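Down below is the structure, laid out as structure tokens.
Basis for what follows: all heavy atoms, side chains included, without hydrogens, waters or symmetry-related copies. Computed from a predicted structure; not experimentally measured. Numbers restart at 1 for each chain; the letters A, B, ... are given by sequence-line order, proteins then strands.
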Protein chains: 2
Amino acid sequence: MTATTSTLGFAILAVLARADSTGYEIAGRMRHPIGRFWTASYSQIHTDLQRLLAADLVEYATAPGPGPQDKKVYSITAKGLGALRDWVTQPPRPQPERDELVLKTYAAWLADPATLIEMFRTALRQHEERLAEYESAWVAVEERAPAFGTPGFGNMATLRCGLTYERHRAEWCRWMIDQLSRSLEPS
Amino acid sequence: MTATTSTLGFAILAVLARADSTGYEIAGRMRHPIGRFWTASYSQIHTDLQRLLAADLVEYATAPGPGPQDKKVYSITAKGLGALRDWVTQPPRPQPERDELVLKTYAAWLADPATLIEMFRTALRQHEERLAEYESAWVAVEERAPAFGTPGFGNMATLRCGLTYERHRAEWCRWMIDQLSRSLEPS
DNA sequence: ATTCACTATGTCATTTCTGACATAGAGGGG
DNA sequence: CCCCTCTATGTCAGAAATGACATAGTGAAT
């Protein structure tokens, strides 16, 4: 009965709720900024767009494109907006939570500490880079202070999550490096 | 050339590096404690065990089981241990990072703030519960102070990650609730 | 007595996801 | 002049993952 629209479907709807877009543009936004918390390739988006189309959650207008075919500018329908709104407040089912670095950490006791330190230093550098990126974006967003009811609120809220996440990660990496260093030179 | 063992394969090897186990037992450990950072169903583990078996990374001994068939107690081979050790220090490829709550947050500006507050309060409660769980486990693990080179080190390191992660999440949920509350009653 | 939970193996259909491929015009750099 | 990148659409094979099903013995509680 319930048209089981996949999570990716809602991600697409969330994009279209902000601006009408071609499939290509949606794919671009799935890399940035959504890519930080949900990823999808174009072929996957294409498949899902057909599904959304069939369920009348999106529609499109054709416009002359650069390639051999016309481009299709998708937009969300009233029905789609309703479905999206419903989905947003539905409690998320406990998600898988897959993290290769932590899995490696679980087996880290088998490996060479010096090499591990290098690996965690690389990870730390990446997290610090992203943290700096987020922090500069944060001061910009805080100035404008986007109100609830505007897309800017969504940007601010997800940015905030990314910010504290990167902080937690960097902190953990530093702790790991410290622990591993101690195992190398025991005072 | 490179025997492309999946990440799940290494998760299984990481379990067997600690103790010989039946497939059923591996599945149990994939729920707890590995389930926090990598999940797999039994059918998936079964498929992967066959692959690992074919690649000589694991072997098994039969023993009388409760059911109609003998049970198979798997153990890691020298080759498997080598592959696992190599994999551990290999830098992890940037993982997908899928988070439904954050995706909902991205579209939260469309929904009702009061309902959202409830959703985040539920999430906060869950994170606080897990945090309390991890914190009591932490004091127990810190006392024993497991040395590098023992499985206990892996337990401690992953627990530490879970600890700071839950703290970050709880913090973010509290921030969200605060923001959403403000949009309800503007001073 | 019967039901339930746990141990233990395995299959299978379906869905989801990835990565490669195919097409094609516009615009810029070497 | 050629090559690369970006825009833009789409297909397809194969891998990965899920969830349901099938079988079957033990032991504990109702």
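- A donor atom on one side chain and an acceptor atom on the other are not found under 3.5 Å apart for A:Arg36 and A:Thr158.
- In this structure, CG of B:Leu49 is placed 16 Å from C1' of C:dT11, rounded to the nearest angstrom.
- Phosphate contact (OP1/OP2 of C:dT16, side-chain N/O of A:Gln44, threshold under 4.0 Å): absent.
- Each of B:Arg93 and B:Tyr74 was assigned the nucleotide of DNA chain C with the nearest heavy atom; the assignment lying further toward the 5' end belongs to B:Tyr74.
- As judged by a 4.0 angstrom heavy-atom cut-off over every strand, B:Thr22 is placed among residues touching the sugar-phosphate backbone only.
- Whole-Å rounding puts the B:His46 NE2 to C:dT7 C1' distance at 15 Å.
- Using a 4.0 Å cut-off, some side-chain N or O of A:Arg51 falls inside it from OP1 or OP2 of C:dT16.
- In this model, no donor atom of one side chain and acceptor atom of the other lie less than 3.5 Å apart for B:Arg144 and B:Asn155.
- The distance between atom CD of B:Gln50 and atom C1' of C:dG10, rounded to the nearest whole Å, is 9 Å.
- Side-chain proximity of B:Ser6 to C:dT18, C:dT7, D:dA16: nearest is D:dA16.
- Here the P atom of nucleotide D:dA16 and the CD1 atom of B:Ile12 are 12 Å apart, to the nearest Å.
- Per the geometry, NZ belonging to B:Lys71 stands 4 Å off P belonging to C:dA8, to the nearest Å.
- Note: OH (B:Tyr60) to P (C:dG10) measures 8 Å, nearest angstrom.
- The local environment of CD in B:Glu118 is sparse, with at most 12 non-hydrogen atoms from other residues, nucleotides or ligands closer than 6.0 Å.
- Because its NZ or CZ atom is both nearer than 6.0 Å to the ring centre of B:Tyr106 and within 45° of the ring axis, A:Arg18 counts as a cation-pi partner of that residue.
- The side chain of B:Arg98 lies closest to C:dC17 when the candidates are C:dT9, D:dG10, C:dC17.
- In this structure, A:Ser43 reaches the bases: a heavy-atom distance under 4.0 Å links it to at least one base atom across the strands shown.
- DNA chain D is contacted by both A:Val73 and A:Thr47; A:Val73 maps to the nucleotide lying nearer its 5′ end (nearest heavy atom per residue).
- Atom-to-atom, CZ of B:Arg29 to C1' of C:dA8 comes out at 15 Å; the value is rounded to the nearest Å.
- In this structure, A:Tyr42 places its OH atom 18 Å from P of C:dA22, rounding to the nearest Å.
- Between B:Trp175 and B:Phe120, a ring centre-to-centre spacing not shorter than 6.0 Å is recorded.
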